[in-house]
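Below: one structure, written as structure tokens.
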Amino acid sequence: KMAADYRFGAVKVMRRVMRWMLSSLFQEVFLDESGLQSVQQALQEGGCPVVYIPTHKSHMDYLLLSYVLFARDMVVPCIAAGDNLTGLIGISWLFRRCGAFFIRRTFGSDALYKEVFREY
């Protein structure tokens with residue numbers, strides 16, 4: 001469960017869905033172009049990982065981030081998603097193929113799961 005199954009074709013499908021969704025929900029989306037260029041430059045130079053930390057005020061945060069990066073020919077990030085989303089059968093299938101991996105929200109006394117999570 002704790003692994004993405006990235007598929008380029010799925011990301012292209014998601015791009016179409018996001019384009020439709022964004023045009024239906026919003027009149028405009030503003031981007032920090034200079035900040036995005038700085039990230040793009042850091043990715044091109046390499047040498048250090050880039051970690052995105054969306055605010056997670058809604059699911060739109062990580063969807064929009066992935067959409068913008070893909071539209072700019074940048075690497076789409078892996079997304080840690082709560083395993084509660086696995087119940088959404090078609091959506092969880094698409095999310096996993098777009099870079100999502102699903103994690104439990106609580107680990108309880110499952111020592112093996114904690115260790116796998118720590119290593120991942």
Is there a chain of hydrophobic side chains (I, L, V, M, F, W, Y, each step under 4.5 Å between heavy atoms) that links Val76 to Leu64? no
Side chains of Leu36 and Leu69 in contact at under 4.5 Å (non-hydrogen atoms): yes
Working to the nearest 0.5 angstrom, can you tell me the gap between Ser92 OG and Asp83 CG? 11.0 Å
Check the pair Arg72 / Leu31 against side-chain contact (heavy atoms from CB on, under 4.5 Å), numbers first and verdict last. CA-CA 12 Å; Arg72 294 292 202 301; Leu31 298 174; 3.7 Å; yes
Would you give the length of the straight line joining atom CG of Leu22 to atom CZ of Arg15, rounded to the nearest 0.5 angstrom? 13.0 Å
Decide whether Leu63 and Ile53 are clustered together by the hydrophobic rule: side chain heavy atoms of Ile, Leu, Val, Met, Phe, Trp, Tyr closer than 4.5 Å, transitively. no
Please assess Leu43 against Val39 for the test side-chain contact (heavy atoms from CB on, under 4.5 Å), listing each intermediate value before the final yes or no. CA-CA 6 Å; Leu43 287 170; Val39 171; 4.1 Å; yes
Can you tell me how far the CG atom of Asp110 sits from the CZ atom of Arg104, to the nearest 0.5 Å? 4.5 Å
Under 4.5 Å between side-chain heavy atoms, hopping through other hydrophobics if needed: is there a path connecting Val75 to Val11? no
Can Tyr67 and Arg19 be said to form a side-chain contact (heavy atoms from CB on, under 4.5 Å), step by step? CA-CA 8 Å; Tyr67 174 78; Arg19 190 179 300 143; 3.9 Å; yes
If you count the non-hydrogen atoms of other residues, nucleotides and ligands that lie under 6.0 Å from CD1 in Ile89, is the total more than 12? no
For the student: nearest non-hydrogen atoms of Ala10 and Cys98, plus distance: O-SG, 3.6 Å
For Met18 and Met60 the tightest heavy-atom approach is CE-SD, 4.0 Å
Sub-4.5 Å side-chain heavy-atom contact between Ile103 and Tyr113: yes
Same cluster or not: Met14 versus Phe102, using hydrophobic residues (I, L, V, M, F, W, Y) connected whenever any side-chain heavy atoms lie under 4.5 Å apart? yes
Does anything in residues 2-43 pair up under ring-ring contact (aromatic ring centres under 6.0 Å, His included), and if so which pairs, sequence neighbours excluded? Phe8-Phe70
State plainly whether one hydrophobic cluster holds both Tyr62 and Trp93, where clusters connect Ile, Leu, Val, Met, Phe, Trp and Tyr through side-chain heavy atoms under 4.5 angstrom apart. yes
Answer yes or no: is there a side-chain heavy-atom contact under 4.5 Å between Arg97 and Val13? no
Between Arg96 and Ala3 (side chain of the first, backbone of the second, donor and acceptor by atom type, cut-off under 3.5 Å), is there such a pair? yes
Given 3.5 Å as the limit, does a donor-acceptor pair link the side chain of Lys12 with the main chain of Arg7, or not? no
Output all residues satisfying side-chain hydrogen bond (donor to acceptor under 3.5 Å, both in side chains) with Arg16, sequence neighbours left out; order by chain, then residue number. none
